[in-house]
Number of protein chains: 2
Amino acid sequence: MTATRSRLAPEARRRQIVDAARTLYVERPYDEVSTAELAAAAGVARGLINHYFGSKRDVFLEVMRSSIRMPESELPDLSDLPLPERARRTVDWILEAAETYGHAWLAASGAADLHGGGELQAIVDEADDHAARLTLDALGLPDDPHLRARLRSLAPLFKSVCREWQQRGTLTRAEAADLLTDTVLLFATKETTR
Amino acid sequence: MTATRSRLAPEARRRQIVDAARTLYVERPYDEVSTAELAAAAGVARGLINHYFGSKRDVFLEVMRSSIRMPESELPDLSDLPLPERARRTVDWILEAAETYGHAWLAASGAADLHGGGELQAIVDEADDHAARLTLDALGLPDDPHLRARLRSLAPLFKSVCREWQQRGTLTRAEAADLLTDTVLLFATKETTR
DNA sequence: TCGACTATTGGCAAAGTGTCAACAGACGAC
DNA sequence: GTCGTCTGTTGACACTTTGCCAATAGTCGA
């Protein structure tokens, strides 16, 4: 019954394995999913998993890496709007993205450090930093390290608010947008007492 | 060289194992630490680990559970201060706690869902909810589900801001306090447009 | 059609996990 | 002081899983 062995381009095969792994990891924890299952789900031999990813954890990290990134879709040019309006639209754009791609994003978002041994933390941090850069750009603000640190710390807030809104229904979307918009403005503009 | 087998009260033994495990998990990821190592670090036989915790993951979850909770130390009575001042002092109290017990708290905080299969997520959520309740109490605000949902979503923000401040040094403590105080006030009081 | 390249497989050896019957401190009864 | 019971603790066993590697077989160009 062995379906004739198929030969794919390495990249395609990698994607195929990662995709199969993702669907398994959403409903079962890391150490309950064996490489045998991973291989079966992807329809390949077990050995191939190690061939492509090295170790089992590397598969997991790759799944995270690919799930965690915000979609790169373009935000329309906001450069001639006043800052508060730019903030509002930026937040709205993020919420929109969360609504569409949200599940994987939220599912992956919280998972960090202890597991994955700092590597996972690094992946999450990179994604948050990336999001901060995008946001600063959308707001038309300069990308200096200090401002970016501020905005970076907002990424986990976005995720937790989206979780309250989408998964628990304890906040409405409008309310989430209001709160986040004000917070973005606060973090982006507040002068600190020296 | 077998140190004569010692016999401890189950609770003491559990604590001993959890403590030993914690020190291992801070610098090595979950699946790189074997139960043999756990046992060796705690100075017990491998079988005892399963006897007390059932499975390897249960040890890990117990480590998280015990690391993640905010300290229960008392916040002085703030009931006759104006709300903004109460917020300022509450935030300050949390930052103080973060400074003291912070490392374990921050290390454990981010770790969530995919690993641990929802159980870990539930543990983190419980801790965040608990923190939200404490905060509402300190602010002297009513503990209704909606307000609590708002404050609960702030917990990850506190953690990420503390990380920027303590681990990266990108924010000063005063700045962190300022931003968080304003955000708490915002989330605690803002009326949403209906 | 042939040959080289390499994606893919299956099986092996080492390591890890959970279980269990047997062992041995601790404590009360006498 | 000695015996007997209770139960915390151990070491070994059976099973699963992981990473590795030599052999296999698609695929493409000559």
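Order of the sequence lines sets the chain letters (A, B, ...), proteins ahead of strands, with each chain counted from 1.
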Spacing between A/E32 atom CD and D/dT17 atom P, to the nearest angstrom: 11 Å
Touch class at under 4.0 angstrom, heavy-atom based, for A/L8 against every strand present: sugar-phosphate
Side-chain donor-acceptor pair present, A/R13, A/S6, cut-off under 3.5 Å: yes
B/Y30 OH - D/dT18 C1' separation (whole Å): 15 Å
Spacing between A/R7 atom CZ and D/dG26 atom C1', to the nearest angstrom: 5 Å
Side chain of A/H51 (C-beta onward), nearest among D/dG11, C/dT8, C/dG16: C/dT8
Nucleotide D/dT18, atom C1' - distance to CG of B/D31 in whole Å: 11 Å
Nucleotide nearest A/Y52 when distance is taken to its side chain, options D/dG11, C/dT6, C/dT8: C/dT8
Residue mapping more 5' on DNA chain C - nearest nucleotide basis, A/G47 or B/K56: A/G47
B/T170-B/E164 side chain donor-acceptor pair, cut-off 3.5 Å: yes
Interatomic distance where CD belongs to A/E37 and P belongs to D/dT17 [whole Å]: 8 Å
B/R15/B/V18 under side-chain contact (heavy atoms from CB on, under 4.5 Å): CA gap, chis, key distance, verdict: CA-CA 5 Å; B/R15 247 197 314 280; B/V18 169; 5.7 Å; no
Whole angstrom value for the distance that separates C1' of D/dT18 from CZ of A/F53: 16 Å
Test item: A/R150 side-chain N/O and A/K190 main-chain N/O as donor-acceptor pair under 3.5 Å: yes
Out of D/dT9, D/dT27, C/dG18, whichever nucleotide has its closest atom nearest the side chain of B/L48: D/dT9
Separation of C/dT19 P from B/D58 CG (nearest whole Å): 11 Å
Rounded interatomic separation in angstrom, taking CD1 from A/I49 and P from D/dC21: 18 Å
Among C/dT19, D/dT9, D/dT17, the one nearest B/N50 by side-chain distance: C/dT19
hbond_proxy B/R13 side chain to D/dG8 base (donor-acceptor, 3.5 Å cutoff): no
Donor-acceptor pair under 3.5 Å, A/R5 side chain vs C/dT8 base: yes
Shortest side-chain distance from B/S34, nucleotide among D/dT18, C/dC5, C/dT17: C/dT17
Closest listed nucleotide, where the reference is the side chain of A/T35 and the choices are C/dC5, D/dT9, D/dG19: D/dG19
Donor-acceptor side-chain pairing of B/S66 and B/R22 below 3.5 angstrom: yes
hbond_proxy B/R46 side chain to D/dG11 base (donor-acceptor, 3.5 Å cutoff): no
